[in-house]
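Below: one structure, written as structure tokens.
Bear in mind that the values here come from a model prediction, so they are computed numbers and not experimental data. If you read the sequence from its start, that first residue is 1, and numbering goes on from there. No hydrogens, no waters, no symmetry mates; every other heavy atom, side chains included, goes into these values.
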Amino acid sequence: LGTTAGLTNATWTPFATEATIVLPGADGEKTIYARFKDNAGNESGEILQLVTLDSTAPQFSLTLTGSLGDGTPSSTLSATSSISVGISAVEANSTVIISNDPLFVGAIAPTNSSNGVSWTLSGADGTKTVYARMTDAAGNSTSQSATILLDIAAPQIVSLECANCLSHNAALYTNDINREIVLDILAIDPLGDIDTLHWTIGGSEFSAAYSPSVSALLLDQDGVQDVELQVSDAAGNLSAASTLSITLDRENPVLGSPAL
């Protein structure tokens, strides 16, 4: 038994149904040669068997793609637990399993991993890790992992106030000639990633980077105006709206004639 044609330097060994042989060189196709001899010294012809040596683990990369609140794909954030798992360079005749657990408990083997796999993240908001293991036809395996921040919970507005308005009988007023109001906002978010302010005045929409205080302009018309404000986080989750009704009054009162 040997790996050289003609069995040069091979030695006879007692017959057995199994034998161990060391394949030489790098990975690739190898030829094993064998010859048999009976107790009378009669020798068979040389036979051969082709085998493929594959001692190299498969290589692949793992990517996660979530969706922001407006549906925009993101590789870092997801506003939904349903994401897509991308596996590149899938080796022929290999198998892939995916799990939310590093020990691959409850792992699933997708039927087609080359075009992206629909996957559901588990647990509450926070950084999530998805694990994948690829095993080739020879039994060599490689594991990879990737992370994404799951952020489903929307921020909340705790309070909204007009800092430069006057209050009378629980109603808000301003006589600012420039129509400017200053809004003080207290908002909270489970992950602390409040990102943007959104407000509407008279049907016109405005936005700015989140700040606990923002200046806005009322419409150029005296009277009651509703200011509706929302905040969103980095994943695009939008809070419920808070509304202030503010009366713009730039007209001085007119005194009538005194009654005599």
Side-chain angles (χ1 to χ4, degrees), residues 1-11 13-35 46-68 72-152 191 235:
L1 187 68
T3 57
T4 304
L7 293 170
T8 306
N9 298 324
T11 58
T13 59
F15 175 78
T17 57
E18 294 183 358
T20 300
I21 188 170
V22 178
L23 299 176
D27 286 1
E29 189 175 73
K30 308 294 179 181
T31 305
I32 300 175
Y33 301 88
R35 185 182 299 142
E46 192 168 279
I47 62 173
L48 60 85
Q49 175 66 52
L50 298 178
V51 298
T52 299
L53 174 61
D54 180 3
S55 59
T56 303
Q59 301 298 313
F60 70 100
S61 61
L62 182 68
T63 57
L64 307 180
T65 303
S67 297
L68 301 183
T72 302
S74 172
S75 61
T76 58
L77 281 170
S78 185
T80 172
S81 59
S82 298
I83 66 168
S84 176
V85 177
I87 299 175
S88 66
V90 177
E91 185 176 309
N93 300 317
S94 63
T95 59
V96 175
I97 58 174
I98 303 174
S99 178
N100 289 319
D101 186 274
L103 299 179
F104 291 91
V105 174
I108 295 176
T111 55
N112 185 358
S113 58
S114 59
N115 296 322
V117 177
S118 296
W119 190 253
T120 301
L121 300 172
S122 61
D125 284 2
T127 300
K128 302 298 177 181
T129 304
V130 176
Y131 305 86
R133 178 184 294 159
M134 181 181 293
T135 304
D136 63 20
N140 304 301
S141 65
T142 301
S143 297
Q144 298 282 359
S145 65
T147 61
I148 194 168
L149 182 62
L150 177 62
D151 185 357
I152 297 176
L191 296 181

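The line from OG of Ser81 to CD1 of Ile148 is 11.0 Å long, rounded to the nearest 0.5 Å. The structure places OG1 of Thr56 at 4.0 Å from CG of Asp27, a figure rounded to the nearest 0.5 Å. Between atom CG of residue Asp136 and atom CD of residue Gln59 there is a gap of 10.5 Å, rounded to the nearest 0.5 Å. Distance CH2/Trp119 to CG/Leu64: 10.5 Å, rounded to 0.5 Å. For the atom pair OG1 (Thr80) and CG (Leu68), the distance works out to 11.0 Å, reported to the nearest 0.5 Å. Leu23 contributes atom CG, which lies 7.0 Å from atom NZ of Lys30 (distance to the nearest 0.5 angstrom).
Asn140 places a side-chain N or O within donor-acceptor distance of the main-chain N or O of Asp54, the cut-off being under 3.5 Å. For Ser99 (side chain) and Val105 (main-chain N/O), a donor-acceptor pair under 3.5 Å exists by modelled atom type. No donor-acceptor pair closer than 3.5 Å links the side chain of Asp125 to the backbone N or O of Leu191. Using modelled atom types, no side-chain atom of Glu46 and backbone atom of Tyr33 make a donor-acceptor pair closer than 3.5 Å. Listed for the Thr142 side chain is a donor-acceptor partner under 3.5 Å among the backbone atoms of Pro58. Side-chain atoms of Asn93 never come within 3.5 Å of backbone atoms of Ala138 as a donor-acceptor pair (strictly under, hydrogens ignored).
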Q: Go through Leu77 and Leu149 one step at a time and tell me if the side-chain contact (heavy atoms from CB on, under 4.5 Å) criterion holds.
A: CA-CA 5 Å; Leu77 281 170; Leu149 182 62; 3.3 Å; yes
(Q) What verdict does the side-chain contact (heavy atoms from CB on, under 4.5 Å) test give for Phe60 and Ser94, after you've listed the backbone C-alpha separation in whole Å, the side-chain angles of each residue and the deciding distance to 0.1 Å? (A) CA-CA 11 Å; Phe60 70 100; Ser94 63; over 6 Å; no
Q: Take Ile87 and Ile98 through the side-chain contact (heavy atoms from CB on, under 4.5 Å) test and state the conclusion after the steps.
A: CA-CA 10 Å; Ile87 299 175; Ile98 303 174; 4.0 Å; yes
Q: Apply side-chain contact (heavy atoms from CB on, under 4.5 Å) to the pair Thr13 and Leu1, showing each step before the final yes or no.
A: CA-CA 8 Å; Thr13 59; Leu1 187 68; 5.9 Å; no
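Proximity of Val130 to Asn100: side-chain heavy atoms (C-beta onward) are separated by under 4.5 Å at one or more points.
With sequence neighbours left out, Ser61 forms a side-chain contact (heavy atoms from CB on, under 4.5 Å) with Ser88. Considering only residues two or more places apart in sequence or on other chains, Ala109 meets the side-chain contact (heavy atoms from CB on, under 4.5 Å) condition with Ile97.
When every heavy atom of Ala235 is checked against every heavy atom of Ala79, the shortest pair comes out as O-CB, 3.8 Å. In this structure, Ser141 and Thr135 approach most closely via the heavy-atom pair CB-OG1, 3.5 Å. Counting all heavy atoms, side chain and backbone alike, Ser122 lies closest to Lys128 at O-NZ, 3.0 Å. Nearest heavy-atom pair, Gly2 versus Leu7, reported as atom, atom and distance to 0.1 Å: N-CD2, 3.4 Å.
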